[in-house]
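Here is the structure we will look at, set down as structure tokens.
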Amino acid sequence: MKADYRQKMKTLEELAAAIGPRPRAKSVIMCHGMFDIVHPGHLRHLMYAKEKADLLPRSRWSTT
């Protein structure tokens, strides 16, 4: 059975509420890119970014 990741998708308002106003109590790093085919470089990038931040929102390019 496939995992349903739709609950992890957030609106702009939900994201703003999660990271809070500046100055923030938690560190936030935004990762943006095309993750349609995930390769080891993507994983290293995301794992390194997560080590440096409390919150790691990820955005992606739209293919439509």
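The analysis underlying the following values was restricted to heavy atoms, covering all of them including side chains, and did not include hydrogens, waters or symmetry mates.
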Notebook entry, point to check: Which pair of heavy atoms, one from S27 and one from A53, lies closest together, and at what distance?
Noted result: OG-CA, 3.2 Å
Item checked: Non-hydrogen atoms of M9 and E14 that approach each other most closely -> O-OE1, 4.1 Å
Checklist line | ILVMFWY clustering at 4.5 Å (side-chain atoms), partners of L15 | finding: I19, V28, M30, L55
Margin query: Return the CZ to NE2 distance between R58 and H45, rounded to the nearest 0.5 Å.
Written below: 10.0 Å
